[in-house]
Amino acid sequence: MTSAQTLQSLGAALLSGDVEVVDCTGTLGPNTPILQLPPDFAKNTPKVEIHKISEYDKDGPFFAWNWMVLGEHTGTHFDAPHHWITGKDHADGYTDKLKIQRVVAPVNVLDFSKEAEADADFLLTPEHIKAWEAEHGAIQKGEWVVMRTDWDKRADSQDSFLNADENGPHSPGPTPEAVEYLLSKGIVGWGTQCIGTDAGAAGGMNPPYPAHNFLHRDNCFGLASLANLDKLPAKGAILIAAPLKIENGTGSPIRALALVPKG
Ligand code: 23J
Ligand code: MN
């Protein structure tokens, strides 16, 4: 098949519903959970604000529109390489400069929802990933890898989403070795359903925040607060995770879309 024929059949499959578009995005609004940095940092991302300009009134008789307060790293979002110090020298490591073809790619969905339900501090290791590959097939160069934990079911409550106590946040994520293993396979990026790409306990790892540290070092991307991964197959879907073209942006909210074969 030529690439023109491939795309023509994809177009037909989208129109017929044979290929479905699954929305892997949470709703952005005042209740969207926001990462809480340790108190030694003075500044943090503010909560989302949506301010009305007009809604068919004296300020806009024919039109409704709003303006927003919105962080780059808020809600379902993309981490660009420049977000982390290890990625600072990648000239294309910003949301407006990255190679956009990279962000549309096949996605591997690693289902560790049972493990995360049993243990909020669940850590994914290379052994978990290799066992997953033995069952579902190898992770290939250029692909996305996302971990399903069903954490999106907590997204209506910041407390339950962040899941913090006096010892800090408790949420699942990768070990440093797991991130290095995925990068050795040449992935484009790693995504989770939690507030960030790293585990809640990642501040105490070596290095701290290994997903951020290693992904961005290698000019790869992160995805956080992904939703509806329970509606995706382990393999066979295509993920479109495109950041806004923010000038020198370090990240961006996204509308994460998965193309999924029906049934
Ligand atoms: C800033 C500082 C630390 C972290 C993060 C942001 C994120 O998780 C993020 O949204 O990229 S860990
Ligand atoms: Mn981020």
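Keep in mind it's a predicted model, so treat the numbers as computed, not measured. Remember, it's 1-based here, ligands and their atoms both numbered in the order they're listed. Side chains included, hydrogens not; waters and symmetry mates left out as well; all remaining heavy atoms used.
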Undergrad: To the nearest 0.5 Å, tell me how far Trp151 CH2 sits from Glu117 CD.
TA: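 The CH2 atom of Trp151 sits 9.5 Å away from the CD atom of Glu117.
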Undergrad: Show me a pair-per-line table, with atom names and distances to 0.1 Å, of protein N or O atoms that are under 3.5 Å from an N or O of ligand 1.
TA:
unit_1	atom_1	unit_2	atom_2	d
ligand 1	8 (O)	His212	NE2	3.3
ligand 1	10 (O)	His77	NE2	3.2
ligand 1	11 (O)	His73	ND1	3.3
ligand 1	11 (O)	Asp79	OD1	3.2
ligand 1	11 (O)	Asp79	OD2	3.2
ligand 1	11 (O)	His83	NE2	2.6
ligand 1	11 (O)	His212	NE2	3.0

Undergrad: Compare every heavy atom of Ser252 with every heavy atom of Thr95, then report the nearest pair and how far apart it is.
TA: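 Heavy-atom minimum between the residues: CG2-CB, 4.2 Å.
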Undergrad: I'd like to verify the contacts: list protein N, O or S atoms under a distance of 2.8 Å from the Mn ion (ligand 2).
TA: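 Counting only protein N, O or S atoms under 2.8 Å from the Mn ion (ligand 2), the list reads His73 ND1, His77 NE2, Asp79 OD1.
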Undergrad: Test of understanding: with ring-ring contact (aromatic ring centres under 6.0 Å, His included), list the residues that count as partners of His212, not counting sequence neighbours.
TA: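 Listed in chain order: His83, Trp84, His216.
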Undergrad: At what distance, to the nearest 0.5 angstrom, does CG of Leu35 lie from CD of Gln158?
TA: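 Reported to 0.5 Å precision, the distance equals 9.0 Å.
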Undergrad: Can you name the closest pair of heavy atoms from Asn228 and Asp152 and give their distance?
TA: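 Between these two residues, the closest heavy atoms are N-OD2, 2.8 Å.
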Undergrad: For residues Thr149 and Phe122, determine if any side-chain heavy atom of one lies less than 4.5 Å from a side-chain heavy atom of the other.
TA: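 With C-beta onward as the side chain, the pair stays apart.
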Undergrad: Are the side chain of Lys235 and the backbone N or O of Ala138 linked by a donor-acceptor pair below 3.5 Å?
TA: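 A pair under 3.5 Å: yes.
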Undergrad: Other members of the hydrophobic cluster containing Leu244, with the 4.5 Å side-chain heavy-atom rule, please.
TA: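 For the cluster that includes Leu244, the remaining residues are Ile246.
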Undergrad: Over all heavy atoms of both residues, which pair between Lys231 and Val260 is shortest? Give the atoms and the distance, please.
TA: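 In terms of heavy atoms, the two residues are closest at O-CG1, 4.3 Å.
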